[in-house]
Each structure stands twice: as structure tokens, then as C-alpha cells.
Amino acid sequence: MKILVLSDSHSALSFMRRCVDSVKPDVLMHLGDYFDDGIAIKEEYPGIPMYQVPGNCDRYRYSASQPEILIPRIFGVDFYMTHGHRHNVKMYTGLLLKDARAAGAAIALYGHTHEAECYREDDGLWVMNPGSCGYYGGSAGLIEVADKKIIDCRIIRQNDLEEMI
């Protein structure tokens, strides 16, 4: 099963659409900055479940009842989703990783920095920042799950999308 992770879209809907059309994900995730971009993509692809959290630029773009952190179980895997600004991820990711571990997550997902990265900690915790859909040519995250485990986790860019078509 494929999970497409998008963040910091800042109105870059065309890149988001190319990602969805190329990857053909089973689930979509949006990590904020601009929350309404996630809503627009969900409306355009109603058959794909969407999980999303707001970012620091979303103060007037979402309902106050929308949580800033989600911990969904998807395909048997526990995810920790946040934009990252409340965890001060521009300074360090220590608080984010601590909270993800405390939640029992297999992967910590965050955005905010616009810098894409994907790696695995020594204790097995995956960490992903998909970068920004809206800057530097665009990037996104792709997570593949099988048998209730993450089997692949990587960053994809425009040239990767062209190869997927």
C-alpha cells in the first residue's frame, strides 16, 4: 500500500496533482501550510482517504477543532503527524522524536523546514519531512506498507514522478 505525504504546499496544487496522478496512492497525508490545499486535493480525489494537520501559516485556513497532531493507524502502522512548528523542528527534532516514541509511532512525519529528509533512527523509528510541494521544484514523501510494516520510505521529486508514469 502506498502513502503519499505532502507538506508546505503554499498553493502548489499542480505539483500535488502530478504526485497523486503519478504515484496513485492508497492514502494521502498533508502536513500543513496551506491546509485548504489539502482540502482541495481531497475534493478532487474523493476516493483516496486523506489525513491532514494544519501548519503555522494556517491560522485562518482550518477549524479550531482540527488537531495539530494526529496519530492514526494506517494499514496496521502507527503514524505521528504534525507540521513541526510546535516542536521547534527548525532548531532540532529531539522533541518531535520524543513525542513520536511516546506515542508508539513507527514513523514521525513533519514539515515546516521545507527541507526534505527521510531516515531511520537506530531504534527503528522512521523520520520523514517530505520537504515542500511549493518550493525548490517540489518534493513529497512516499511510504510503502506491507504486512503492517513500513517496507520503503523515500523522498520523491519531479524527475521521479516522470519515471512513474
Side-chain angles (χ1 to χ4, degrees), residues 2-20 23 25 27-42 48-74 77-121 123-143 150 152-158 160-161:
K2 293 186 283 189
I3 301 167
L4 179 64
V5 185
L6 306 166
S7 188
D8 296 281
S9 48
H10 298 279
S11 298
L13 291 171
S14 61
F15 179 79
M16 295 172 75
R17 288 181 191 110
R18 280 194 304 273
C19 287
V20 176
V23 172
V27 170
L28 290 166
M29 294 181 161
H30 188 267
L31 303 176
D33 280 0
Y34 288 10
F35 194 85
D36 45 354
D37 292 348
I39 292 170
I41 292 297
K42 178 168 179 47
I48 305 173
M50 166 74 88
Y51 297 84
Q52 69 181 117
V53 293
N56 60 298
C57 294
D58 290 323
R59 184 174 180 160
Y60 302 107
R61 298 175 186 273
Y62 70 101
S63 164
S65 65
Q66 174 68 41
E68 292 188 351
I69 296 169
L70 288 179
I71 309 171
R73 177 169 288 162
I74 304 168
V77 174
D78 293 323
F79 290 78
Y80 188 92
M81 296 175 58
T82 188
H83 182 66
H85 60 293
R86 299 276 187 229
H87 288 85
N88 296 314
V89 295
K90 285 189 177 179
M91 302 288 283
Y92 68 108
T93 58
L95 180 58
L96 169 72
L97 301 186
K98 176 181 170 262
D99 288 353
R101 286 181 176 109
I107 185 166
L109 301 174
Y110 72 102
H112 190 52
T113 67
H114 297 189
E115 296 175 17
E117 67 176 352
C118 181
Y119 63 93
R120 195 169 190 185
E121 291 277 298
D123 65 356
L125 177 69
W126 283 97
V127 181
M128 175 187 276
N129 181 334
S132 173
C133 294
Y135 296 102
Y136 319 115
S139 64
L142 179 58
I143 302 166
I150 295 172
D152 189 35
C153 186
R154 62 190 170 105
I155 302 300
I156 56 174
R157 296 185 177 6
Q158 182 62 42
D160 299 312
L161 297 177

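Residues Ile107 and Tyr80 form no side-chain contact, since every pair of their non-hydrogen atoms from C-beta on lies 4.5 Å or further apart. Looking at Val5 and Leu142, their side chains never come closer than 4.5 Å, going by heavy atoms from C-beta outward. By the 4.5 Å heavy-atom criterion applied to side chains, Gln158 and Leu161 are counted as neighbours. The side-chain heavy atoms of Val27 and Tyr51, taken from C-beta on, include a pair separated by under 4.5 Å. The closest side-chain heavy-atom distance from Met29 to Gln52 is not below 4.5 Å. Annotation: side chain of Arg86 is in contact with side chain of Glu68 (closest heavy-atom distance under 4.5 Å). Annotation: side chain of Ile143 is not in contact with side chain of Lys2 (no heavy-atom distance under 4.5 Å). A heavy-atom distance below 4.5 Å is found between the side chains of His87 and Ile69.
Contact record, Gly55 with His85: C-CE1, 3.7 Å, taken as the closest heavy-atom pair. Considering every non-hydrogen atom in both Cys153 and Met128, the closest pair reads SG-CE, 3.4 Å. When all heavy atoms of Asp37 and Ala12 are compared, the closest pair comes out as OD2-N, 4.1 Å. Here the shortest heavy-atom pairing between Pro67 and Leu70 reads CG-CD2, 3.6 Å. Considering all non-hydrogen atoms of both residues, Met50 and Gly38 come closest at CE-O, 3.3 Å.
Using a distance-only test at 3.5 Å, with no hydrogens or angles considered, a donor-acceptor pair links the side chain of Arg120 to the main chain of Gly124. Listed for the Asp78 side chain is no donor-acceptor partner under 3.5 Å among the backbone atoms of Ala106.
Between atom CZ of residue Phe15 and atom OG of residue Ser139 there is a gap of 6.0 Å, rounded to the nearest 0.5 Å. Note that the CG atom of Leu109 and the CD1 atom of Ile3 stand 8.5 Å from one another [nearest 0.5 Å]. Residue Glu115 holds its CD atom at 9.0 Å from NZ of Lys90, rounded to the nearest 0.5 Å. Separating the NE2 atom in His112 from the CG atom in Asp33 is a distance of 7.5 Å, to the nearest 0.5 Å. To the nearest 0.5 Å, atom CG of residue Leu4 and atom CG of residue Leu28 are 5.5 Å apart. Between Asn129 atom CG and Ile155 atom CD1 the span is 7.0 Å, to the nearest 0.5 Å.
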- Task: Go through the steps to decide whether Val127 and Glu121 satisfy the test side chain to side chain contact (heavy atoms under 4.5 Å, CB included), and finish with yes or no.
- Result: CA-CA 7 Å; Val127 181; Glu121 291 277 298; 4.1 Å; yes
Full working for side chain to side chain contact (heavy atoms under 4.5 Å, CB included) between Asp58 and Tyr34: CA-CA 6 Å; Asp58 290 323; Tyr34 288 10; 4.2 Å; yes
Between Arg154 and Asp152, is a side chain to side chain contact (heavy atoms under 4.5 Å, CB included) present by the stated rule, with each step listed?
CA-CA 7 Å; Arg154 62 190 170 105; Asp152 189 35; 3.4 Å; yes
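With respect to the salt-bridge test (charged N to carboxylate O, under 4.0 angstrom), the residues Asp99 and Arg101 do not qualify.
Residues His30 and Ser7 have side chains that never bring a donor and an acceptor to within less than 3.5 angstrom of each other. Residues Asn56 and His83 bring a donor and an acceptor atom of their side chains to less than 3.5 Å of each other. No side-chain donor from either of Asp8 and Ser132 sits under 3.5 Å from a side-chain acceptor of the other. Glu117 and Tyr110 are linked by a side-chain donor-acceptor pair at a separation below 3.5 angstrom, with hydrogens and angles left out of the test.
The side-chain contact (heavy atoms from CB on, under 4.5 Å) with Leu6 is formed by just one residue from the set Pro25, Pro130, Cys133; it is Cys133.
Taking a 6.0 Å sphere around NZ of Lys98, one finds it holds 12 or fewer heavy atoms contributed by other residues, nucleotides or ligands.
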